[in-house]
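Taking it in order: structure first as structure tokens, then the write-up.
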Amino acid sequence: MVNSSTSRLPALQVWLYGLPALALTAVGVPLLLYLVPFYTVEKGIPAGEVGAILFAVRLADAIFDPTFGAISDRVRTRWGRRRPWLLIGTVLLTIAIWHAFMPPETVDWVYFLVWMTILYASWTMVIVPYVAWGAELTGNFDERTRIAGIREIFLLVGTVLAAGVPTILKAFGGGGQTATMEAIGLFVIIVLPLSLALIFWKVPEPQVIATGHGHGWRASVDAIRKNGPFLRLITAFMLNATAQAIVATLFFFYVGFVLGDPGHGPMLLLTYFVAGIVAVPLWMRLAERFGKHRTWAYSMISSAAIFLITPFLGPGDFWIFFVISIFTGMSLGCDQILASSMQADVVDIDSIRSGQQRAGLYFAIWNMVTKMAGGVAAGVTLPLLGVFGFDAKATADNPNPPQALLALVVLFAVVPPALRFLSVKIIWNYPITRERHAKLRAMMERKLARRLAASGGE
């Protein structure tokens, strides 16, 4: 049985499974870092309109994400449950990236709204079955951390590549936000289909552990509502993801207008993500020793505490912020690896209770929360900055007013640590330990064995 609690996957399959994350994260980096300055500064759409559109699009995903997740769990084909959706989603996503990352010279808010809507919907059609496939590859507590860790390595490498595009283009005499968006868009359009072709070829879809009947929407919602560990985990994750999204949304504004050093923004990002890659093996080892939830909590505590130095920085403090970027970057990998691995564990609770394997639905909710966090970050912080008179096009001759810079510092450097500390409070006594999960998997597999015996092994 492929997804047994004792199964350990061949290294080649795990590495090939992680490969598409290289391109998928290259989609996410511009959405968090480059998209707002690109459409506000280069295309001239007001920051408030951009923030409101991003907020509205991500709220629409609150309906689409779980709906699609449930559909992807229920529809079964001769090619599997996950492969067909990955194929359809990839086609739509590449079309959306072409239009959103390489728009015409003149665009308006309608153009931005249409292609953001298509882009986020198609991204859901790719990311949900992709991550659900990974959760179903094994039932082993620590093996799930290995799968998530290798996927995170590709994710961070893709992030470094995307974050380093401005620096690379500048080294070859190019650069600018338009060239950056074009380069990243072409990278995704080429790499994503190729990497998915490899996992279609070499990575199997696991056997489905489920009863012969499906559950309706009401039963699914009720099961999620009663899954206490999942609710605790998703709440902690949303708070932490919102903190990350706020920092990402305001990063270039902070570096440019508070530190007064916009030219070093790409290099600081590169440092941040490289630190995350280097720290991945450390977090995987610590999780095996201290448990997933406690290791994640320690990571968030250290990241928040170090980031609290940031409100006291100003012009000339580049090197202090450089060091802060290293230490906070180290926590980045932990956030993604362990939270995702823990998510796979709580799906097992639902499988035991319902007899269904609904990883798609659960990870769709996870994806929805991630995008809502980004929507809240853009939809709240950007309009708030506008209220205080912040201007993304401000210059030395026409600077932002003091209250606008103060608002920027509070939103960028004070709110995120506060959210992370609240997340730690929620996750600290998380109940799913290695020992409890082993009992859950044993119970789950005994039920499967009885069903197989009753059906004559079919």
Side-chain angles (χ1 to χ4, degrees), residues 15 18-43 93-94 96-105 119 123 150-196 198 244-245 247-257 259-280 318-319 321-326 328-330 332-333 336 374 392:
W15 284 96
L19 186 58
L22 189 70
L24 288 172
T25 191
V27 180
V29 170
L31 294 179
L32 287 175
L33 296 174
Y34 303 140
L35 192 76
V36 171
F38 175 65
Y39 274 95
T40 55
V41 178
E42 293 288 323
K43 299 302 176 182
L93 182 59
T94 53
I97 288 172
W98 181 272
H99 287 86
F101 287 24
M102 293 167 273
E105 187 66 27
L119 191 150
W123 195 15
I150 291 175
R151 185 176 62 214
E152 181 67 14
I153 290 174
F154 280 108
L155 187 151
L156 288 172
V157 170
T159 301
V160 167
L161 292 175
V165 165
T167 303
I168 296 171
L169 292 176
K170 187 176 180 180
F172 286 92
Q177 292 175 335
T178 299
T180 296
M181 295 292 285
E182 289 178 352
I184 295 173
L186 290 173
F187 173 81
V188 175
I189 289 171
I190 294 170
V191 173
L192 182 58
L194 292 176
S195 60
L196 286 175
L198 287 174
Q244 291 176 330
V247 171
T249 300
L250 303 179
F251 179 84
F252 284 111
F253 292 154
Y254 176 84
V255 173
F257 294 109
L259 297 184
D261 198 354
H264 281 102
M267 190 267 278
L268 286 168
L269 274 180
L270 197 62
T271 300
Y272 177 77
F273 292 122
V274 169
I277 295 172
V278 172
V280 166
F318 165 79
W319 288 108
F321 192 68
F322 177 81
V323 175
I324 292 172
S325 298
I326 293 175
T328 55
M330 291 177 67
L332 176 65
Q336 302 301 324

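In this text the structure is predicted, and so the values were computed from the model without any measurement.
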For this session: Please lay out, stage by stage, how Phe187 and Val165 fare under the test side chain to side chain contact (heavy atoms under 4.5 Å, CB included).
Result: CA-CA 11 Å; Phe187 173 81; Val165 165; over 6 Å; no
Problem set entry | Any side-chain heavy-atom pair of Asp261 and Phe321 under 4.5 Å | no
For this session: Apply the test side chain to side chain contact (heavy atoms under 4.5 Å, CB included) to residues Met267 and Phe318: give CA-CA distance (whole Å), side-chain angles for both, the deciding distance (0.1 Å), then the verdict.
Result: CA-CA 11 Å; Met267 190 267 278; Phe318 165 79; 3.2 Å; yes
Exercise. Taking the inter-plane angle between the rings of Trp319 and Phe322 on a 0 to 90° scale, is it parallel (under 30°), tilted (30 to 60°) or perpendicular (over 60°)?
Worked result: perpendicular
Exercise. With a 4.5 Å heavy-atom cut-off, do Met181 and Leu35 have their side chains touching?
Worked result: yes
Problem set entry | Nearest atoms (heavy-atom pairs only) where Ser195 meets Leu19 | CB-CG, 3.7 Å
Problem set entry | Separation of Leu24 CG from Trp123 CH2 (nearest 0.5 Å) | 8.0 Å
Exercise. Could you give the distance from CH2 (Trp98) to OG1 (Thr94), rounded to the nearest 0.5 Å?
Worked result: 10.5 Å
Problem set entry | Side chain proximity check, Phe252 to Leu269, heavy atoms < 4.5 angstrom | yes
Problem set entry | Step-by-step side chain to side chain contact (heavy atoms under 4.5 Å, CB included) determination, Leu169 to Glu182 | CA-CA 11 Å; Leu169 292 176; Glu182 289 178 352; over 6 Å; no
Exercise. Can you tell me how far the CG atom of Leu119 sits from the NE2 atom of His99, to the nearest 0.5 Å?
Worked result: 12.0 Å
Problem set entry | Pairwise side-chain contact, Leu22 with Leu161, heavy-atom cut-off 4.5 Å (strictly under) | yes
Exercise. Should Tyr272 and Thr159 be marked as a side chain to side chain contact (heavy atoms under 4.5 Å, CB included) after you check the CA-CA gap, both sets of side-chain angles, and the distance that decides it?
Worked result: CA-CA 10 Å; Tyr272 177 77; Thr159 301; over 6 Å; no
For this session: Report the distance from atom CD1 of Ile153 to atom CD1 of Ile277, rounding to the nearest 0.5 Å.
Result: 8.5 Å
